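Every chain is numbered from 1, with letters handed out A, B, ... down the list of sequences. In this text the structure is predicted, and so the values were computed from the model without any measurement.
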Amino acid sequence: MTATWAVVGADPDSDAIVVALWDDAEIESVRLARADFPGWVAARAAAHRWVWGDTTAWYPDLLAAGVRIERCQDLRLCHAILRDTMFVDATALRAAHHWDIAADVDGGARVPTLFDVDVPTGTVPREIGETVAEFVRQRDVLERTDARLRLLTAAESAGALVAAEMRHAGLPWNVAEHERILTAELGTRTAGGMPSKMIETAARVRQALGDPAVSLDSQPKLLRALHRAGVLVESTSKWELARQTHPAIEPLLAYKRMSRLLSANGWTWLDEWVHDGRFRPVYIPGGVVTGRWASAGGGALQLPRQLRAAVRADPGWQLVTADVAQLEPRVLAGMARDTAMATAARGRDLYASLVEQKIVETRQEAKYAMLGALYGSTSGESGRLVPRLRRAFPRAMGVVDAAAKTGEDGGLVATLLGRTCPPASAEWTRVQRAATDADVSPGEERLARSRARERGRFTRNFVVQGTAAEWALAWLADLRLRLARLGSDDAPPHLAFFLHDEVIVHAPAEAAEAAAQAIRDSADAAGKLLFGDFPIDFPLDVTIGTDAVKA
DNA sequence: CGGCGCGGCGCG
DNA sequence: AAAGCGCGCCGCGCCG
């Protein structure tokens, strides 16, 4: 008899690992020496859905031993989703506080860095008894709900596998190319730490300001120096500076660009984060309340486009870079079942369609209008254009407007698959209640309205950003399985990077076209999984090359 | 010295 | 241009 579930945990009395095989009830339990565990898993990697407390605690060792599994349930991640969802009563899960643990960012445990990433690193129970107990609690909850939460927990768990596998594989990174870019932008390294072009540019700024000693790295000092030179800005941010006309501005903006590159992704970053030609960031699935991933260390999700050229395939391999055009509007059209919006988006640039249909005048306006709709702009160019979308796509706008209203009223909203936003804080509720008092001051009233609108913008965006994250998880989950079936057994194409609506796949050259097709097929499958037969598509921009610079 | 808030800026 | 959402990381400056 083949068990559906294989629950993995530590033997409380020894160094052994226990696997409890389950269907409707426990079938048997197997005790394994640690050293035998990877081989045992490898022999039945696709036979079970592997259940464990935390993918970051169990999977890296398997990967190091060359073992990949097909499916899992990550109890830590699923606990958080089921505990908070508004669609099923999960009282038993809410009581299990020892599972309320945020991501263990050092889970890989072999992070080759100089510094520990300073995020709390709690751990969920490892022991088999408590692991089985939590598995049973989640199973009972999932049995009482519809397919959506089962889809979501499966997708979230698949994301955990992808994250561990991508960290294991790393993003191929060409140090020489990165250094070439640094030298071209910043000049040569000097003993003092500041590269030559930065030193020269700083001197030009000081010259133009008539202040030979001013610090350019201290915001208050720089602001005072600008004022003394007659540049009356309120901040030193680049967009405010860019509006000024003064000889110091051009070199100052150049200095700020260089300073940013040096501190965020300079030589120090290279030493710390790139080893053996691989950048290995820590990905944190479910790290954002909306369900998006976060990252810790290395700034994986903020790599500047400037450095794209340093992402370089191994010899004989290629990189397949793919991103979805206008993911969030498409997801909104799908979740609202807004046929007009889906039609405008079909197979092409949604923003161009809005211009053609004379909903707005220019593509740029279309973009601002859509951002305003998703983020809740009320003022400026963007806020002015939103009503046009409301007239053109009442169903889609109805979904985000309703989410905003619910949030303003202190209610909960959820994504398509049931991930639910956090409740309003006690402080938020207190401020709202104070505003209903008979003797409320105008200030209190204003504060309450402002906080209510803030929360409305959050819940408005939550439903779309969160459902887009679900689409992306479904895409990743399907793609990792398709890729594993391509290429030769010892060198299949693999995911190397993921950023909200974009993937980079590292593939043997002969498998690159097939990988590109797999990426497209997975996008189609994700659309079907979330939106069924509703005719919304998710066209991709796909580029195959030796680097990750998009065509 | 470490912790923390802030301004600033990179990404979607 | 930002605006309006979600992040992480840097350096500075202040505080204990």
Minimum-distance nucleotide (side-chain atoms of A/E381 versus B/dG12, C/dA2, B/dG8) = C/dA2
ask   = Taking the side chain as C-beta and beyond, is there a heavy-atom pair between A/L261 and A/M258 under 4.5 Å?
value = no
note = Contacts of A/F458 and A/P220 projected onto DNA chain C by closest heavy atom; the upstream (5') one is A/F458
task = Nearest-nucleotide wise, let me know which of A/G383 and A/S215 is further upstream toward the 5' end of DNA chain C.
result = A/G383
message = For a quick check of understanding: with a heavy-atom distance under 4.0 Å over all strands, which category does A/S259 fall into, base, sugar-phosphate or nothing?
response = nothing
message = Distance check needed: C/dG6 P versus A/R455 CZ, whole Å only.
response = 11 Å
message = What's A/S295 touching, base or sugar-phosphate or nothing? Going by heavy atoms closer than 4.0 Å.
response = sugar-phosphate
message = For A/E470, run the side-chain contact (heavy atoms from CB on, under 4.5 Å) check against A/L416, A/T290, A/L529, A/V331 and tell me which one passes.
response = A/L416
ask   = Tell me: CG of A/L223 to P of B/dG8, nearest whole Å?
value = 8 Å
inquiry  = Quick check for you: among C/dG8, B/dG8, C/dG6, whose closest atom lies nearest to any side-chain atom of A/Q465?
reply    = C/dG6
ask   = Taking the side chain of A/P304 as heavy atoms from C-beta outward, which of B/dG8, B/dG10, C/dG13 is closest to it?
value = B/dG10
key: Side chain of A/K256 - closest among B/dG7, C/dG11, B/dC9   = B/dC9
key: Nearest-angstrom distance from the residue atom CG of A/L222 to P of B/dC6   = 20 Å
query = Nearest of C/dG8, C/dG4, B/dG8 to any side-chain atom of A/Q302?
reply = C/dG8
message = Below the 4.0 Å mark, does C/dC5 have OP1 or OP2 next to a side-chain nitrogen or oxygen of A/R457?
response = yes
query = Rounded to whole angstroms, how far apart are NZ on A/K238 and C1' on B/dG10?
reply = 8 Å
query = Which way is the base of C/dG11 turned, syn or anti, if we draw the line at 90° from 0?
reply = anti
message = Can you confirm whether A/R278 sits close enough to A/P172 that some side-chain heavy atom of one is under 4.5 Å from a side-chain heavy atom of the other?
response = yes
Out of C/dG8, C/dG6, C/dA3, whichever nucleotide has its closest atom nearest the side chain of A/S379 = C/dA3
task = Whole angstrom is fine here: how far is it from CH2 in A/W273 over to P in B/dG10?
result = 21 Å
query = The side chain of A/V288 lies closest to which of these nucleotides: B/dG10, C/dG4, C/dC7?
reply = C/dC7
message = I need the CZ-P distance between A/R257 and C/dG11, as an integer number of Å.
response = 19 Å
task = Find the distance A/L371:CG to C/dG6:C1' and express it as a whole number of Å.
result = 13 Å
ask   = For A/R305, which contact category applies under a 4.0 Å heavy-atom criterion: base, sugar-phosphate, or nothing?
value = sugar-phosphate
task = Among B/dG12, C/dC12, B/dG10, find the nucleotide with the atom closest to the side chain of A/S218.
result = C/dC12
key: Aromatic ring pairing A/W471/A/W475, orientation class (parallel under 30°, perpendicular over 60°, tilted between)   = tilted
note = Paired to B/dG8 by Watson-Crick or G-U wobble criteria (both distances under 3.5 Å) is C/dC9
inquiry  = So A/S235, base contact, sugar-phosphate only, or nothing? Heavy-atom distance under 4.0 Å.
reply    = sugar-phosphate
inquiry  = Students often get this wrong, so: under 4.0 angstrom with heavy atoms, is A/L327 touching a base, only sugar-phosphate, or nothing?
reply    = nothing
query = Got a sec: does the CZ of A/R228 have more than 12 other heavy atoms crowding it under 6.0 Å?
reply = yes
inquiry  = Could you identify the nucleotide paired to C/dG4, looking across every strand shown and requiring Watson-Crick or G-U wobble geometry with both distances under 3.5 Å?
reply    = none
ask   = Counting side-chain heavy atoms from C-beta on, which of B/dG8, B/dG12, C/dG11 comes nearest to A/Y375?
value = B/dG12
Given B/dG12, C/dG4, B/dC9, the nucleotide with the shortest approach to the side chain of A/W239 = B/dC9
ask   = C/dA2 P sits how many Å from A/Y368 OH, rounded?
value = 7 Å
query = Parallel, tilted or perpendicular for A/F531 and A/F538, by the 30°/60° rule?
reply = parallel
query = Under the 3.5 angstrom rule, does the side chain of A/R330 hit a backbone N or O of A/A325 as a donor-acceptor pair?
reply = yes
